[in-house]
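Below is one structure, written out as structure tokens; the observations come after it.
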Amino acid sequence: MFKVNENYLKLPGSYLFSTIGKKVSAFTQANPDKKIIRLGIGDVTQPLAPAIIDAFHKAVDEMAFADTFRGYAPDLGYEFLRSAIAQNDYKARGCQIDADEIFVSDGAKCDSGNIQEIFSQDNKIAVCDPVYPVYVDTNVMAGRTGTYDSVKETWSDVIYMPCTADNNFAPELPKEVPDIIYLCFPNNPTGSTITKDQLQEWVDYANKVGAVIIYDAAYEAYISEDNVPHTIFECEGARTCAIELRSFSKNAGFTGVRLGFTVIPKELKAGEVSLHSLWARRHGTKYNGAPYVVQRAGEAVYSEAGKEQLKKQVAYYMNNAKYIYDGLKNAGYEVSGGVNAPYIWLKAPNQMTSWEFFDHLLEKANVVGTPGSGFGPSGETYFRLTAFGSYENTVEAIERIKRL
Ligand SMILES: *Cc1c(COP(=O)(O)O)cnc(C)c1O
């Protein structure tokens, strides 16, 4: 008789975005004449840039001829893409990361979920609270998180590192020593960042206690301040304690075509065992790479035209972010984020919980956002708005919120 993985049964039934979806469709059914504006979902809306589309077309045409056709991609990804990444994202920033330490994949969500497979069951994880839910959920599925407390909305074997207004949304070193530390900066959902000096403290700490940091830098392209690191490998000693996750989704609009990568330095070891060799092994058997045409499109992200066009896209979203931030601030809301990330994090007013504020915004302003509690217990009284909408919708949504 087959049996299911019982760890899956521990996950609370309803996924954040499905609850939101149900509430919104119930509202639209009852109020068909109301125009809903969505500032909730973490997906981009601008089309792929011309340089990327050109690269796609060219690569698709190559597939039509026997001498340029490509089948299975190499395990770690095509050399042309890994070299472009090593050069532009690392060497140009003074970081020593080689092309063969880069593993091209079909996205950072998959990698952030899969990476825990190379670690033993009895590792203890630490996460920022609030944060992108994938880190905890995939460790739940792997059986690494103990039992769920539905009142506190926490797992017994997870170390939560609260990020609230009290610590400027930057986690403090945990009192209990973790084995695996997930850090995500610029942060989803708070939009907060830490400085290079602060990140250096984490790297020093991880090296001291023998922990590994899984650093999710999916929003690196949105960084506007000089003292915010673009990669953890800007820090000294990161090569012996850090894995970095990156994505082409938020900087270049690849959410629908899928492309990301993971960096694992050769020096990163658990005792004698190199994590690079474990992940290479995994990549060879459970291949989650990206197709040739997508990797060629990814290469175009680093072309002169691609860089120019994508800078404009990021600027478009960040102009929305500034509009949301300024508008809410002027209306008296307590707001943060929005400077180095396309996310604005606000305190729900009048002692409302995040779901109460969700209902309030939906009913009174017909604006959909994301309740902070979906990202961890410390998000209970917070709310996330995203800058990924159109400028016109963003302006209209903020005008409606101001009138509340
Ligand atoms: C959107 C997002 C990702 C997902 O990236 P994909 O490459 O589209 O899978 C990863 N991490 C964070 C924090 C994100 O917000």
Side-chain angles (χ1 to χ4, degrees), residues 1-22 41-43 103 105-161 174 176 178-184 187-189 211-216 218 243-247 249 255 258 260-262 264 270 273 275 278-290 370-379:
M1 241 297 254
F2 66 83
K3 298 191 178 83
V4 299
N5 176 351
E6 303 227 339
N7 295 313
Y8 275 59
L9 307 179
K10 295 185 194 165
L11 282 169
S14 151
Y15 176 61
L16 172 67
F17 289 104
S18 74
T19 310
I20 292 173
K22 278 182 202 141
I41 296 165
D43 195 356
F103 297 78
S105 75
D106 55 350
K109 183 175 197 170
C110 318
D111 284 347
S112 62
N114 293 331
I115 195 77
Q116 49 76 28
E117 283 187 17
I118 64 172
F119 296 102
S120 146
Q121 182 92 9
D122 57 14
N123 282 296
K124 192 152 212 178
I125 68 161
V127 290
C128 294
D129 163 31
V131 82
Y132 186 55
V134 176
Y135 317 139
V136 171
D137 287 357
T138 52
N139 277 285
V140 171
M141 294 168 181
R144 213 172 270 121
T145 55
T147 51
Y148 188 64
D149 180 331
S150 60
V151 177
K152 288 200 205 133
E153 301 187 347
T154 55
W155 296 88
S156 62
D157 285 344
V158 173
I159 300 169
Y160 291 89
M161 305 184 292
E176 185 186 352
D179 303 300
I180 302 171
I181 302 164
Y182 287 89
L183 294 179
C184 172
N187 186 268
N188 177 6
V212 61
I213 297 174
I214 298 174
Y215 193 73
D216 187 338
I243 292 174
E244 183 160 283
L245 309 172
R246 294 279 284 264
S247 169
S249 284
T255 54
R258 315 301 303 140
F261 61 91
T262 290
I264 308 189
V273 184
L275 297 190
L278 294 189
W279 192 239
R281 191 66 241 277
R282 186 198 182 281
H283 245 61
T285 52
K286 298 186 175 181
Y287 187 60
N288 60 317
T370 315
S373 64
F375 301 97
S378 292

Nearest atoms (heavy-atom pairs only) where [X] meets [Y]:
X: L11; Y: D137; answer: CD2-OD1, 3.9 Å
X: I20; Y: P371; answer: CD1-CD, 3.8 Å
X: I159; Y: P174; answer: CG2-CB, 3.9 Å
X: P178; Y: A211; answer: O-CB, 3.6 Å
X: Q121; Y: A142; answer: NE2-O, 2.9 Å
X: G374; Y: L16; answer: CA-CD1, 3.8 Å

Worksheet entry | Residues Y182, N139; criterion side chain to side chain donor-acceptor pair (under 3.5 Å); working and verdict | CA-CA 11 Å; Y182 287 89; N139 277 285; 3.0 Å; yes
Fill in: For Y148, ring-ring contact (aromatic ring centres under 6.0 Å, His included) partners two or more places apart
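By the ring-ring contact (aromatic ring centres under 6.0 Å, His included) rule, Y148 matches W155.
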Discussion item. Going by the rule ring-ring contact (aromatic ring centres under 6.0 Å, His included), which residues pair with Y160 if we only count those two or more places apart in sequence or in a different chain?
Written reply: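 Y160 satisfies ring-ring contact (aromatic ring centres under 6.0 Å, His included) with no residue once adjacent residues are dropped.
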Test side-chain hydrogen bond (donor to acceptor under 3.5 Å, both in side chains) applied to [X] - qualifying residues, sequence neighbours left out:
X: S378; result: D129
X: D111; result: S105, T262, N288
X: D157; result: none
X: S112; result: none

Discussion item. With salt bridge (charged side-chain N to carboxylate O under 4.0 Å, His left out) as the rule and sequence neighbours excluded, what pairs involving residues 139-156 come up?
Written reply: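 Sorted pair list comes back empty.
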Fill in: Pairs meeting criterion salt bridge (charged side-chain N to carboxylate O under 4.0 Å, His left out) with involvement of residues 2-15, two or more places apart
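Qualifying pairs: none.
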Of all residues at least two apart in sequence or in a different chain, which pass the salt bridge (Lys or Arg N to Asp or Glu O under 4.0 Å) check with [X]?
X: R246; answer: D89, E220, E244
X: K124; answer: E176
X: R282; answer: E117

[atom1]-[atom2] distance between [X] and [Y], expressed to the nearest 0.5 angstrom:
X: C128; Y: I181; atom1: SG; atom2: CD1; answer: 9.5 Å
X: D179; Y: N123; atom1: CG; atom2: CG; answer: 4.5 Å
X: S247; Y: K109; atom1: OG; atom2: NZ; answer: 11.5 Å
X: I118; Y: N114; atom1: CD1; atom2: CG; answer: 10.5 Å

Item to complete: Let me see the working for F103 and F261 under side-chain contact (heavy atoms from CB on, under 4.5 Å), right down to the final yes or no.
Response: CA-CA 5 Å; F103 297 78; F261 61 91; 5.9 Å; no
Fill in: Over 12 non-hydrogen atoms of neighbours within 6.0 angstrom of CZ in F17
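Yes, the 6.0 Å shell around CZ holds more than 12 heavy atoms from other groups.
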Just wondering, do [Y] and [X] contact through their side chains at under 4.5 Å, heavy atoms?
X: M161; Y: L183; answer: yes
X: I214; Y: D216; answer: no
X: Y8; Y: V140; answer: no
X: F375; Y: V131; answer: no
X: I243; Y: Y215; answer: no

Discussion item. side-chain contact (heavy atoms from CB on, under 4.5 Å) for V127 and I125? Distances and angles first, verdict last.
Written reply: CA-CA 7 Å; V127 290; I125 68 161; 4.2 Å; yes
Practice prompt. Any ring pair (Phe, Tyr, Trp, His ring centres under 6.0 Å) involving residues 113-132? Give me the pairs, sequence neighbours left out, ordered by first then second residue.
Written response: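 Sorted result for residues 113-132: Y132-Y135.
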Fill in: Verdict with reasoning, I115 to I264, per side-chain contact (heavy atoms from CB on, under 4.5 Å)
CA-CA 11 Å; I115 195 77; I264 308 189; 4.2 Å; yes
